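Report on the structure given below.
Model, not experiment: these values are computed from the prediction. Keep in mind that the numbers below use all heavy atoms, side chains included, and drop hydrogens, waters and symmetry copies.
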Amino acid sequence: MSPRRTDTGGRIDRLKTIRFTFDGVAYTGHAGDTLASALLAKGVTLFGRSFKYHRPRGLLTAGVEEPNALVTVLKGEVREPNIPATMVEIHDGLVAVSQNRFPSLAWDIHAVNQLGGKILSAGFYYKTFMGPVFGPLKGTRFWMFCEHFIRRAAGLGSAGSAKDPARYERMNAFCDVLVVGSGPAGLMAAKAAADNGARVILADLEPRFGGSANWSDETIDGAPATDWVRRTVAQLEDRDNVRLLPRTTVWGYYDNNTLAALERVSDHKEQPAKGEPRHRYWAIRAKSVVLATGAFERPLVFPGNDRPGVMLAHAAQRYANEFGVLPGERIALFTNNDSAYRAAVALKKAGAAIVAVVDVRPELSAEMRSLATEAEAEIFTGHAVVATEGGKALSGIKVQRFDMVTGALTGDARSIHADCLLMSGGWSPTIHLASQAGAKAEWDAARQAFLPPKPTQQSPTQQWPTQQWTGAGAFTGSFSTVEAIAEGRAAGLAAAGGTGTPAALPSVEAVPGDPDPAPVFEIRARGKSFVDFQHDVTAEDVRLAHREGFVSVEHLKRYTTLGMATDQGKSSNVPGLAIMAEALGKPIPEVGTTRFRPPFAPVSIGSLAAERFGDLKPERLTPMHDWHVENGATLYSAGLWYRPMIYGLSGETVEQAYVREARATRESAGIVDVSTLGKIAVQGPDAAAFLDRVYTNMFSTLAVGKARYGLMLREDGFAFDDGTTWRLGEQDFLMTTTTANAGKVMQHLEYFLDVIWPELKVHVTSVTDEWAGAAIGGPKARQILAACVTGTSVDNAALPFMGIVHGEIAGVPVMICRLSFSGEMAFEVYCGAGHGTQVWEALIEAGKPFGLVTYGLEALGTMRIEKGHVTGAEIDGRTTARDLHLDWMLSKKKPFIGSAMMDREGLVASDRLELVGLIALDNRALNGGSHIVEEIDEANPHGSIGHITACCYSPALGKHIALALVKGGKARHGTRAHVSDPLRNRFGPVEIVSNHFYDPEGTRMHG
């Protein structure tokens, strides 16, 4: 056993030895250790270097708020930087390295920055590098020169570039009550809510539930608090309505009680189990939330308070009681409150020598004097620590008489030999999630801390409660376990909507103590006194910001970088605000506090991407996706959707497959998945009038049960999107859009309703994912439908062109509209997304006797090119309705979006690019993007008169064809030109023709 590892105590397994390395040195620890506790047990005090001055730094805390001991964890070539050593659970084979040092942690040449003094104070890079003139380096040129070196020196851990092989996943969870934090308050809240029948999720960022009960040395119901925790957790585990999430940080609180959480599933394992992810991202939607997130102990600000060996008092108590590790052999304490005395007693029991308790308060209660006596510590009341001694480890402290009213130091300083100094500056409730939810923090003068606001009640006229969370325990400023248990039970009952019957609460035996600290945050003496340990922000930096006019707390934060590090100022926020308030001569509540923003703690990017990691965009799958995969479809990404390209037969090329599919569709029938079309419900008394304004053509005259093709323009008169809109009722329309523009059209509609015409009584809802769609077209399409549709006829009388009927297929309600994109007689069949595959398979089964084929996007594109229909390739943001020969859709009876701008001189010029068709005269394939020229010059390509937008081999024509935009295109019909594509070395003659290659009269479509 190492000198600092106690023989007994703690909750580690001393029989299980774990081997790991830190900075290349082999160490051992025990099951249950963190990297911090295992290294501390081996006598390691130096864990890192500070951001700016590269000062040596040791452990400050034992939890997620740790600002100093940040490490990089290596797994093969993958490196993850900036992880608090306090949050790394050791496992066999763990490899961790320190950061922000060169060439080594012990000997860092950048430590010379400490000689920079005031040159490196707050804002040094603005003032130092953006003004002076050094020869040719005038003004900002000097900054440009220095920037390279500064950026190389900046930062903490360096990110890796190797591909992360780990798995990540995401989960959606729904519950009646989410309890965040599993200390005594959280456990009682979860139990009370579960007992009341609520579905409960209990989440805690630590691997063990229990919070402070794991290290407080208290007794609950006559047994150690840890035993009470064990019994309570076991009871919750046995409940079917409770989900327990250890190692889970709830890091974001969003609208409508949606909270984001990160579960560290396998970081603590040498190898994850088969199929097990590294991290799991949880999106939790809760009816109500109980915040039992506890509090963070604050450091005191005094010279040398950052030296390795200076630690928070509760952290030392936790290392001793939870991990069986002493932070030092000769320990001194410096405090402004009673909680440090409990730590002194706990450490004394664990075997440490408590050499002194330095308290800024001139008088102590009898209970605290008794505790100090029990710890065998010399008491220095009315004193303060004014300096620390040592290099990379603490060797001693200096104390001096202190007047906490005036802040004056008097008398001679006294040196005390100590290898560890514990400080306690009071406690700050962890109100981050409440702040994210919109709560405004309230200053409590007694607690010297910002507390969450008191819960607000919902008035009878409110649709939503003004506050959907309830607090309990130290989160509310109630720091005793007795209060935490009582508040936790009440919060759990309230969150579950129960009244509860009076019941006896667990009894608690705890060391007495006043939770209110003295209003002392800083001891002003000679030397650097640090407020933000990670970013090297000193008390003098805060006062400098005040002198230079940065008096807002938000400006203070940004100018000094106070609270902007990975710990987000969890321990430094309140001391920094107190120093600024003193400089301003204002009380702390008047100065205020910054708004906490998510994430509460760093979140791995892999967990946010989850199953889609490695992709830049999410993947959207249609309801029939699995069927396509199982039946040989080759899929590719079309926008965000994965859609079938072809259903290739063995040995077929892509061209052979789509030619076969397109030819079969025109000869018999084909079916294609169109679920990806944008679908928007437009409803309300003014829906028809709204559509008249949105579309260039009229929709208020459209009969119920009919559909109409529509075109939208942007405000500048250019074509925006096209599609069909179906009138399902007098005030009920279903708009369809192109797949790629679904989101943009939705934004377009919402903007005009919210900003331009808020008086219109219209509601728009995206229902793209609610409908599965299949388009079936070809000469035998109607016969196939008639064979499987019940409840309606599909003959020409019942279902004319652009008509809509309702019926059933395979017992599933469907809506059918007769419209065509292929140029054949065709029908779009819509049903609920959950029944998409069932209806799809029924249509295919009905089509087997008629030679029905499935076809993909390549055949779909081929048939639309043959027909001359436009898509996003032609509606590219630069074309007008006239360019696309859609001017027949421009109503002269009404204004519409874009009508005021569409007749500008440049948009009606005779030489604009117009839509045409091209036929390759050399019978060779054409390429999209190729230029059209009047004369070929392969050596010096020039003289472009347009370009190809889409091309294919046409099975209907037996030729290679294309759609193109060509200057004065309509006037060129029947003439010849050439394609010029020097990048792909494709040159050749083409004939310019109408874009309507196939069945221009529409006889096949209309039947």
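Below 30°, between 30° and 60°, or above 60°: for Phe720 and His748 the angle between ring planes is between 30° and 60°, a tilted geometry. Using the six-membered ring where Trp is involved, Tyr830 and Trp771 have ring planes that are tilted, between 30° and 60° apart.
Put simply, CZ on Arg714 and CE on Met902 are 15.0 Å apart, with the number rounded to the nearest 0.5 Å. To the nearest 0.5 Å, the span separating NZ on Lys867 from NE2 on His996 amounts to 7.5 Å. For the atom pair CG (Leu843) and CD1 (Ile784), the distance works out to 8.5 Å, reported to the nearest 0.5 Å. Thr634 OG1 to Arg643 CZ: the interatomic distance, rounded to the nearest 0.5 Å, is 15.0 Å.
For the residue pair Ser891 / Asn697, no side-chain donor-acceptor distance below 3.5 Å is found, with atom types taken as modelled. A side-chain N or O of Glu824 and one of Tyr998 form a donor-acceptor pair less than 3.5 Å apart. Side chains of Arg285 and Asn256: no donor on one and acceptor on the other come within 3.5 Å. In summary, the side chains of Asp795 and Ser793 do present a donor paired with an acceptor at a separation below 3.5 Å, with no hydrogens or angles considered. Inspection of the Ser954 and Arg663 side chains reveals no N or O donor paired with an N or O acceptor under 3.5 Å. Residues Ser700 and Asp692 have side chains that bring a donor and an acceptor to within less than 3.5 angstrom of each other.
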Evaluate the side chain to side chain contact (heavy atoms under 4.5 Å, CB included) criterion for residues Val990 and Val979: first the C-alpha distance (whole Å), next the side-chain angles of each, then the deciding distance (0.1 Å), finally the verdict. CA-CA 7 Å; Val990 294; Val979 292; 3.7 Å; yes
Intermediate values then yes/no, salt bridge (Lys or Arg N to Asp or Glu O under 4.0 Å), Arg864 and Glu866: CA-CA 5 Å; Arg864 80 94 179 172; Glu866 291 176 337; over 6 Å; no
Does the pair Asp883 and Arg912 meet the rule for a salt bridge (Lys or Arg N to Asp or Glu O under 4.0 Å), with working shown? CA-CA 7 Å; Asp883 299 337; Arg912 283 190 59 79; 2.7 Å; yes
With side chain to side chain donor-acceptor pair (under 3.5 Å) as the test, would you mind laying out the steps for His628 and Tyr642 before giving the verdict? CA-CA 10 Å; His628 300 319; Tyr642 267 73; over 6 Å; no
Residue pair Met1005, Met825: steps toward the side chain to side chain contact (heavy atoms under 4.5 Å, CB included) verdict: CA-CA 4 Å; Met1005 181 170 60; Met825 178 181 290; over 6 Å; no
Residue pair Val829, Val839: steps toward the side chain to side chain contact (heavy atoms under 4.5 Å, CB included) verdict: CA-CA 9 Å; Val829 181; Val839 171; 4.3 Å; yes
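Within a 6.0 Å radius of CZ in Arg924, more than 12 heavy atoms belonging to other residues, nucleotides or ligands are found. Other residues, nucleotides and ligands contribute over 12 non-hydrogen atoms within 6.0 Å of the NZ atom of Lys894. The number of heavy-atom neighbours closer than 6.0 Å to NZ of Lys706, taken from other residues, nucleotides and ligands shown, is above 12.
Taking every heavy atom of both residues into account, Thr737 and Ala742 meet most closely at OG1-CA, 3.3 Å. Residue Phe699 comes nearest to Tyr709 through the heavy atom pair CZ-O, 4.0 Å, listed as atom of the first residue, atom of the second, then distance. Cys817 approaches Ile804 most closely through the heavy-atom pair SG-CG1, 3.9 Å. Nearest heavy-atom pair, Leu915 versus Gly868, reported as atom, atom and distance to 0.1 Å: CD2-O, 4.3 Å. When every heavy atom of Ile932 is checked against every heavy atom of His947, the shortest pair comes out as CG1-N, 4.0 Å.
Contact annotation: the side chain of Asn796 approaches that of Arg818 to within less than 4.5 Å [non-hydrogen atoms, C-beta and beyond]. Between Thr768 and Met746 there is no side-chain heavy-atom pair separated by less than 4.5 Å.
Look at Asp903 and Arg882 and you find a salt bridge, because one of the NZ, NE, NH1 or NH2 atoms lies within 4.0 Å of a carboxylate O, short of that distance. Taking a cutoff of 4.0 Å between a charged side-chain nitrogen and a carboxylate oxygen, Lys679 and Asp769 do not qualify as a salt bridge. A salt bridge is absent between Asp686 and Lys761; no separation between the charged side-chain nitrogens and carboxylate oxygens falls under 4.0 Å. Comment: Asp922 engages Arg986 in a salt bridge, judged by a side-chain N to carboxylate O separation of less than 4.0 angstrom. Ion pairing of Arg167 with Glu169 is present here, as a side-chain N (NZ or NE/NH1/NH2) and a carboxylate O approach within less than 4.0 Å. Between Glu1001 and Arg1004 no salt bridge is recorded (no basic side-chain N to carboxylate O distance below 4.0 Å).
The main-chain N or O of Gly898 is never found under 3.5 Å from a side-chain atom of Glu715 such that the two would form a donor-acceptor pair.
With Ile646 as the partner, the side chain to side chain contact (heavy atoms under 4.5 Å, CB included) test is satisfied by one option alone out of Val654, Leu635, Thr653: Val654. For the pairing with Val674, the side chain to side chain contact (heavy atoms under 4.5 Å, CB included) check across Ile671, Leu677, Thr676 returns one residue only, Leu677. Of the residues Ser820, Cys952, Ser822, the one that meets the side chain to side chain contact (heavy atoms under 4.5 Å, CB included) test with Met863 is Ser822.
With a 6.0 Å cutoff to the six-membered ring centre and a 45° limit on the axis angle, Arg693 counts as a cation-pi contact of Trp757.
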